[in-house]
Number of protein chains: 2
Amino acid sequence: MIITETTVREQIVATADRLFYAQGYNLTGINQIVEEAGVAKASLYYHFPSKEDLCVAYLQRRAEKWSAKLQKFLTGTNDPRECIIKCFECRSEYLIENNYSGCSYIRIIAEMPQRSKKINQRAILNKEGQRRFFIEKVKELKNTSGISTVDLANIIFLLFDGSTMQSQVYRDIAPVKNAIKALKVLI
Amino acid sequence: MIITETTVREQIVATADRLFYAQGYNLTGINQIVEEAGVAKASLYYHFPSKEDLCVAYLQRRAEKWSAKLQKFLTGTNDPRECIIKCFECRSEYLIENNYSGCSYIRIIAEMPQRSKKINQRAILNKEGQRRFFIEKVKELKNTSGISTVDLANIIFLLFDGSTMQSQVYRDIAPVKNAIKALKVLI
DNA sequence: GAACAGTCAGACAAGTTTGTCCGCATTGTT
DNA sequence: AACAATGCGGACAAACTTGTCTGACTGTTC
């Protein structure tokens with residue numbers, strides 16, 4: 001029965017996603033996940049060899065959620081400058097929707113300095129995806145700032161991560177607004 | 001015997017500092033701290049009522065270490081623009097010296113989304129100290145960017161946190177260098 | 001000389017952690 | 001009808017968690 005199969009697995013990842021993101025990876029136990037997901041522990045370990053693998057699935061899910069939201073947000077926008085600014089506005093919405101939980105990849109790396117290679121690699125992979133987005137958009141700009149294309153994209157990426165992080169710390173989207181002000185000077 | 005008294009307490013905080021910063025707060029147990037510090041568990045709980053309080057002492061110690069390093073680094077520099085740039089260069093050194101462990105306050109907040117008020121408050125207190133430093137320096141600048149003084153300081157602060165964070169993720173100081181490039185456009 | 005602060009080693013409590021395993025039920029496929 | 005895949009509940013293992021407590025030993029201070 002395909003419906004049940006995906007439902008249980010999906011239910012596990014959805015619950016892990018919610019709990020890891022809200023409480024942090026290390027403070028969330030397997031027992032809490034199976035309990036709140038309403039599945040048996042054996043089912044979890046049937047689908048995921050370890051908590052670590054479940055974490056990788058969680059990171060992937062976060063990336064997909066963000067990516068989908070951004071794509072929807074950018075629909076109809078062609079101007080690259082407008083795209084970049086909208087990306088920050090989208091981030092603002094995302095943070096509010098998710099109770100200022102910040103960036104899942106950064107949080108995981110902050111929690112596990114060098115423990116798990118699998119998790120670390122996945123997080124960096126996702127981060128690089130975000131960076132590439134900015135690089136592509138900046139390439140479409142006519143760059144008048146005197147900074148190279150890649151440098152400019154990296155600076156925007158810096159503002160993106162910095163404002164996401166600070167918004168979590170202060171539980172307020174003011175840092176994202178500040179980042180947008182910086183953008184309007186830079187591009 | 002005053003020497004012994006301060007030595008034991010200091011030894012505990014120093015060890016907690018090293019381990020919390022390298023491994024993360026939640027992944028570091030009290031047992032490991034007392035073992036590596038070479039003190040009795042009872043001594044730790046004599047000086048600190050709980051792990052949480054030890055964590056506050058750790059955060060304070062980190063702030064003092066950074067503050068001392070920065071002050072030394074800025075000796076002889078009067079130009080505010082130069083001060084701000086040097087602050088980033090100092091950060092670069094700090095990150096290398098500390099094996100790219102990032103910002104202790106941000107890391108703690110990333111680990112404990114809303115658990116401990118004591119820790120959260122201490123972290124935000126320290127962050128506000130950093131922000132005030134930039135505000136003061138920007139006030140001394142003749143601001144030609146068209147951005148308000150506080151906004152500009154907040155943007156610099158954003159670059160500071162963002163580059164610290166990304167340097168941890170990538171284990172490389174390139175993000176700090178990018179932040180300095182941004183600074184040279186902004187101020 | 002008595003009280004006291006500080007430190008030690010380590011047992012102990014009570015709970016949590018990840019992960020394994022067992023027996024049994026349900027399902028779709030062969 | 002047999003079988004493999006998937007699910008369930010829950011016991012269990014082995015280790016780890018924070019924190020408490022006991023009892024003994026210092027050196028200082030009153």
Side-chain angles (χ1 to χ4, degrees), chain A residues 1-20 22-59 108 111-120 122, chain B residues 1-20 22-59 108 111-120 122:
Chain A
M1 212 217 296
I2 294 167
I3 297 168
T4 306
E5 192 217 327
T6 55
T7 289
V8 169
R9 194 187 193 280
E10 172 59 20
Q11 179 63 16
I12 292 167
V13 181
T15 307
D17 176 29
R18 179 170 58 80
L19 294 174
F20 286 160
Q23 307 176 346
Y25 175 73
N26 286 316
L27 291 176
T28 302
I30 290 288
N31 293 328
Q32 191 188 5
I33 293 170
V34 300
E35 197 177 315
E36 297 200 17
V39 302
K41 194 188 273 195
S43 302
L44 188 153
Y45 279 99
Y46 176 81
H47 290 288
F48 303 96
S50 69
K51 188 185 179 187
E52 197 180 322
D53 294 273
L54 180 55
C55 183
V56 173
Y58 148 64
L59 291 176
I108 277 293
E111 279 198 78
M112 330 245 309
Q114 57 242 36
R115 285 289 254 253
S116 160
K117 276 192 183 167
K118 266 188 218 170
I119 293 174
N120 233 294
R122 177 88 242 166
Chain B
M1 216 216 296
I2 294 167
I3 296 168
T4 307
E5 193 217 327
T6 54
T7 288
V8 168
R9 195 189 193 280
E10 173 58 20
Q11 179 63 16
I12 292 168
V13 181
T15 307
D17 176 30
R18 179 170 58 80
L19 294 174
F20 285 160
Q23 306 177 346
Y25 175 72
N26 286 315
L27 291 175
T28 303
I30 290 287
N31 293 327
Q32 191 188 3
I33 294 170
V34 299
E35 198 178 314
E36 297 200 18
V39 301
K41 195 188 273 196
S43 301
L44 189 152
Y45 280 99
Y46 175 81
H47 289 289
F48 303 96
S50 69
K51 189 185 178 186
E52 197 180 321
D53 293 273
L54 180 55
C55 184
V56 173
Y58 148 65
L59 291 176
I108 276 294
E111 278 197 80
M112 331 245 308
Q114 58 242 35
R115 285 290 256 253
S116 160
K117 276 193 183 165
K118 265 188 219 172
I119 293 174
N120 233 295
R122 177 88 243 165

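Below, chains carry the letters A, B, ... as their sequence lines are ordered, and counting in each starts from 1.
- Residues meeting the ring pair (Phe, Tyr, Trp, His ring centres under 6.0 Å) test with Tyr25(A), sequence neighbours left out: Phe20(A).
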Identify all pairs in which a protein N or O lies below 3.5 Å from an N or O of nucleotides 14-21 of chain C, and state each distance.
from	atom 1	to	atom 2	distance (Å)
dT18(C)	OP1	Lys51(A)	NZ	2.7
dT18(C)	OP2	Ile30(A)	N	2.7
dG19(C)	OP2	Tyr45(A)	OH	3.1
dG19(C)	OP2	Lys51(A)	N	2.9
dG19(C)	N7	Lys41(A)	NZ	3.3
dG19(C)	O6	Lys41(A)	NZ	2.5

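- Legend: residues meeting side chain to side chain contact (heavy atoms under 4.5 Å, CB included) with Val34(A), ordered by chain and number and at least two apart, are Ile30(A), Val39(A), Lys41(A), Leu44(A).
- With sequence neighbours excluded, the residues forming a side chain to side chain contact (heavy atoms under 4.5 Å, CB included) with Ala40(B) are Ser43(B), listed by chain and number.
- Atom CG of Leu44(B) and atom P of dT17(D) are 14 Å apart (whole Å).
- Taking Ala42(B) as the reference, nothing meets the side chain to side chain contact (heavy atoms under 4.5 Å, CB included) condition, with sequence neighbours excluded.
- Residues satisfying the side chain to side chain contact (heavy atoms under 4.5 Å, CB included) criterion with Gln32(A), sequence neighbours excluded, are Leu19(A), Gln23(A), Thr28(A), Glu36(A).
- We find that CZ of Phe48(B) is positioned 15 Å from C1' of dT7(C), with the value rounded to whole Å.
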